[in-house]
Every structure is written in C-alpha cells, then in structure tokens.
2 protein chains.
Amino acid sequence: MPDGTGKARTRIQRRNRDLILEAALDVFSTHGFRGATLDQIASAAGLSKPNLLYYFASKEAIHADLMSGLLDTWLDPLREMDADGEPIAEILAYVDRKLEMSRLYPRESRLFANEILQGAPRMLDNLQGELKHLVDDKVRVLLRWMDAGQIAKLDPHHLIFSVWALTQHYADFDVQIRAILDDADPFDAAPNFVETLFRKLLRPDS
Amino acid sequence: MPDGTGKARTRIQRRNRDLILEAALDVFSTHGFRGATLDQIASAAGLSKPNLLYYFASKEAIHADLMSGLLDTWLDPLREMDADGEPIAEILAYVDRKLEMSRLYPRESRLFANEILQGAPRMLDNLQGELKHLVDDKVRVLLRWMDAGQIAKLDPHHLIFSVWALTQHYADFDVQIRAILDDADPFDAAPNFVETLFRKLLRPDS
DNA sequence: CCAGTATTTGACCAGTCGGTCAAAGGAAGG
DNA sequence: CCTTCCTTTGACCGACTGGTCAAATACTGG
C-alpha cells in the first residue's frame with residue numbers, strides 16, 4: 001500500500017497519482033462531487049477502478065487531495081497585493097493575475113465554483129477562516145488607500161467580490177461566453193476590458 | 001395518467017406538480033442534475049417516488065420542465081432594455097433588475113450556473129440560438145449609444161458579460177460572500193456598489 | 001350509495017455506485 | 001534461477017439508482 005498521507009516515493013507512484021488527480025480534476029470540475037463516478041475517473045486516467053483505490057483511500061480522498069491546495073492557489077494573487085505598492089497598479093496587477101488564472105486553470109475555477117454552488121460542504125471552515133482573514137487583511141489595506149485619496153472610496157468587500165466575479169466568470173461560464181462570441185477567443189478582449197473597468201472604477205473622484 | 005404535455009387540470013394535479021417542481025428546484029440547484037436523486041426530490045416534496053413519476057415521466061422530464069422557462073425568465077431583464085430610452089438609465093435599470101433576480105431567485109440562478117458549469121449539455125442549443133440572438137440585438141443598441149457618445153466606448157459583449165458576472169455572483173457564490181461578510185446582508189450594499197461601478201464605467205470619457 | 005376514475009403506494013427490477021479482496025503479474029536484488 | 005515486494009486486476013459485495021407495476025386507496029359525478 002502506498003503511503004497515503006506522506007509523499008509518494010517511487011516514480012510509478014508519483015506518475016499514477018498525478019494521472020489520477022489530473023483525471024479527477026476533469027471529472028469533478030464538470031460533474032461536481034456527487035455527479036462524478038470512480039469509473040469515469042479511472043477510465044479518464046487509463047487505470048482500473050481497484051487500481052485507483054490502491055493509490056487513494058476513497059473518492060472523498062481524491063477530492064480532498066484536489067481541494068487541499070486549491071484555496072491557497074486561488075488566493076495567492078490576492079495575497080501578493082502589496083500594501084506598500086502603488087495602489088492602482090497593485091489592484092490592476094491583482095485583477096490581471098486573477099484573470100490569467102481563469103485563462104490557464106479553468107478546471108480549477110470550475111471545481112471551486114462547484115463546491116461553492118453546492119453550499120461548500122467540504123470547505124466552509126476554510127472560507128470562514130483562511131479566506132475571511134485574508135480578505136479582512138486586504139480590506140484594511142484598501143480602506144487605507146481610500147482614506148489617503150489614492151483610490152476612489154468604495155465598499156472594499158464588494159470591490160474584492162467584483163474582482164472575483166468578473167475574472168472567474170470567464171472560466172466558469174466559458175461555454176456560455178463562447179456560444180455568444182462564436183469564434184473569437186474571449187481572452188482576446190477580456191484583459192483590456194476588465195483593466196478599463198477597474199481603472200474607471202478606482203480613479204479618485206476629486 | 002395526468003397530461004404530461006398539456007396543462008395540469010385538477011387542483012390536486014396543479015398542487016402536486018408545483019410541490020415537485022419546488023422540491024426539484026431545491027435539489028437540482030444544490031447538487032446538479034447527476035448529483036440529485038429522485039428520492040431526495042420525492043422526500044423534499046413530501047411524496048413517494050412512484051408518485052413523482054406519476055406526474056412526470058422521468059427525472060429528465062422534471063429537470064426539463066424547470067429549465068424550459070428558465071432561460072426566458074433569466075433574459076427578460078435584458079429584453080426590457082429599451083433602445084429608445086436614456087442609455088445610462090436603461091443600463092442601470094437592467095443591472096438593477098438583474099441584481100434583484102439574484103436576490104429573489106438565487107436557486108434559479110444556481111440551477112442555471114450548474115447547467116453552464118457542466119458544459120450546458122441540455123441547453124447549448126438555446127444558448128447559441130435564443131441567447132445569442134438577444135445579445136446580438138442588444139449589442140447593436142449598445143454600439144449605437146456608444147457611437148452617439150451617450151455612453152463610454154467599450155466592448156459591448158464584455159459589457160454585458162460584466163453585468164451577468166457582477167449580479168449573478170451574489171446568488172451563485174452566496175455562501176462564500178456570507179462567510180466573509182459575517183452577519184451583514186450582502187444585498188444591503190450590493191445595489192449601491194454595482195450602480196456606482198456601472199455609472200463610472202459608462203460615463204463618456206470626453 | 002355506487003361505479004368509475006384519479007391518485008397513491010409497497011414491492012420489485014436491472015443497472016450502477018463506491019469499495020473489497022484474493023490472486024495474479026512485474027521489477028529488482030541475490 | 002528464486003524470493004520479495006510493489007503493482008494490477010477480475011470477480012464480487014451491499015447499497016443505491018431511475019423506473020415499473022399491480023394493487024390499494026381516495027375522489028368524483030350520478
């Protein structure tokens with residue numbers, strides 16, 4: 001039995017665990033936890049179902065493994081927003097990083113969206129803990145920038161929500177957007193649009 | 001057998017069909033189609049599973065009934081945007097209606113989001129047809145307003161996407177938002193925030 | 001009240017679900 | 001070659017899935 005908790009040791013273990021997680025990301029992100037089946041994941045990974053369960057204790061364990069690093073990765077762009085940088089540039093860079101994540105990791109975005117949509121049964125603690133603390137911290141930074149007149153005075157929480165909404169929408173609603181844009185790649189015009197939007201939004205009134 | 005295609009006739013039929021659709025909306029919107037079970041729906045409706053299938057031919061049929069009117073309802077706020085009205089007021093009124101739908105019908109929003117997230121397997125035709133045509137129509141209106149200098153020049157498609165993203169986010173990511181805002185009702189500050197955002201975004205540059 | 005219809009349900013079915021297990025295959029060192 | 005350990009799998013399990021059906025129950029007009 002491979003070490004479930006520790007790090008995979010042999011090359012074959014590492015390779016198969018990666019195969020499984022890659023396949024599981026595909027399946028979980030498009031069907032949600034309940035809607036996904038081990039047979040789908042096994043088939044997508046090119047392994048047999050018992051072989052899957054040789055590397056992971058259960059369906060839950062595969063999902064948990066995927067989720068464990070997800071929130072951290074997802075919040076990294078916000079974490080990097082520097083309180084000592086130039087406010088507008090910092091926020092725009094944050095938006096840009098976040099949009100880039102939607103472009104490069106749409107499956108991860110949908111995995112996250114699925115979890116939240118379904119009431120975040122396996123992540124609520126992390127939202128109320130890790131996520132809330134980071135947001136509270138950055139809200140204080142934003143408030144300071146607003147008080148200093150460096151950016152427009154807005155509700156800082158909803159400002160952050162608007163970044164999430166606008167950027168993640170391109171990953172989560174990809175199918176809908178592409179149905180409307182026909183051939184054009186959404187990400188051709190999206191970066192310019194969201195940058196313009198936040199520039200106008202953040203420009204101080206005075 | 002009650003008439004599946006036509007309108008329910010007796011009071012009891014109407015009542016039970018409504019009970020089922022109400023319960024199904026709850027279950028489908030939180031678990032997606034595959035993740036939902038007839039037993040869950042039956043239990044939530046207070047009926048037995050065979051009784052469910054007395055009123056609807058199948059699980060698919062219940063879901064289809066829910067989806068059939070959904071896209072129309074969902075697009076109504078955009079449809080009402082009047083090409084002959086005052087541009088800024090028309091767009092802001094559209095945003096306001098859309099946000100109000102997120103507040104009043106979050107389950108419908110999540111049902112829709114689930115369908116799109118999962119690749120819109122049962123709705124892709126409607127997206128490429130009905131939805132695309134309406135959006136194309138309104139894009140022309142927006143372009144006319146932009147050419148006339150009545151609103152800022154922006155990518156009209158992405159302008160519409162931004163309305164969807166910002167308003168639906170409050171319904172679809174409700175759990176996450178409430179985890180951050182603690183006790184405060186997100187919809188206290190949201191209307192003001194999104195109105196401010198779109199006012200700033202749409203104000204002509206000159 | 002009764003006949004006929006509309007409604008409800010317990011029992012059941014075949015297929016699928018997550019998961020187990022013993023046995024078979026493979027690689028590596030001696 | 002053999003032994004040992006890691007890996008893979010076919011066969012199988014009980015629980016649950018969507019769905020069926022005949023029989024029972026409620027409801028209606030006459």
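We name chains A, B, ... by the order of the sequence lines, and we start the count at 1 in each one.
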Distance, rounded to the nearest Å, where Y54(A) contributes OH and dT9(D) contributes P: 12 Å
Classify every nucleotide of nucleotides 15-21 of chain C by which part a protein heavy atom approaches to under 4.0 Å, writing B for the base, S for the sugar-phosphate alone and - for neither, in 5'-to-3' order. --SBBBB
Donor-acceptor under 3.5 Å (K98(B) side chain, T167(B) main chain):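 Absent.
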Is it the case that N192(B) and T196(B) place a side-chain donor and acceptor less than 3.5 Å from each other? yes
Y55(B) has an atom OH; how far is it from atom C1' of dT9(C), in whole Å? 12 Å
In whole angstroms, the gap separating P of dG10(C) from CG of L47(B) amounts to 12 Å
Just by distance, with hydrogens left out, do E86(B) and W145(B) show a side-chain donor and acceptor under 3.5 Å apart?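 Note: E86(B) and W145(B) side chains miss the donor-acceptor criterion.
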Between the side chains of S43(A) and D39(A), is a donor N or O closer than 3.5 angstrom to an acceptor N or O? no
In whole angstrom, what separates N51(B)'s CG from dT7(C)'s P?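 The answer, rounded to whole Å, is 9 Å.
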Is it true that D76(B) and R97(B) make a salt bridge, defined as a side-chain N closer than 4.0 Å to a carboxylate O?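 Between R97(B) and D76(B) there is no salt bridge, as every charged N stays at least 4.0 Å from the carboxylate O atoms.
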H158(B) ring center within less than 6.0 Å of Y170(A) ring center: yes
After noting the C-alpha distance and the side-chain angles of F56(A) and H63(A), does the key distance pass the ring-ring contact (aromatic ring centres under 6.0 Å, His included) rule? CA-CA 10 Å; F56(A) 289 90; H63(A) 192 260; over 10 Å; no
Taking only side-chain nitrogens and oxygens of Q13(B), does any of them come within less than 4.0 Å of OP1 or OP2 of dA6(C)?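 No, no such contact exists.
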Check the distance between dC6(D)'s P and R14(A)'s CZ and give it to me in whole angstrom.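 My rounded result for the distance is 17 Å.
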Nucleotide by nucleotide, nucleotides 25-30 of chain D touches protein heavy atoms under 4.0 Å in the pattern (B base, S sugar-phosphate only, - none) ------
Salt bridge or not between E22(A) and R107(A)? Use side-chain N to carboxylate O under 4.0 Å.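 Salt bridge flag = yes for R107(A) with E22(A).
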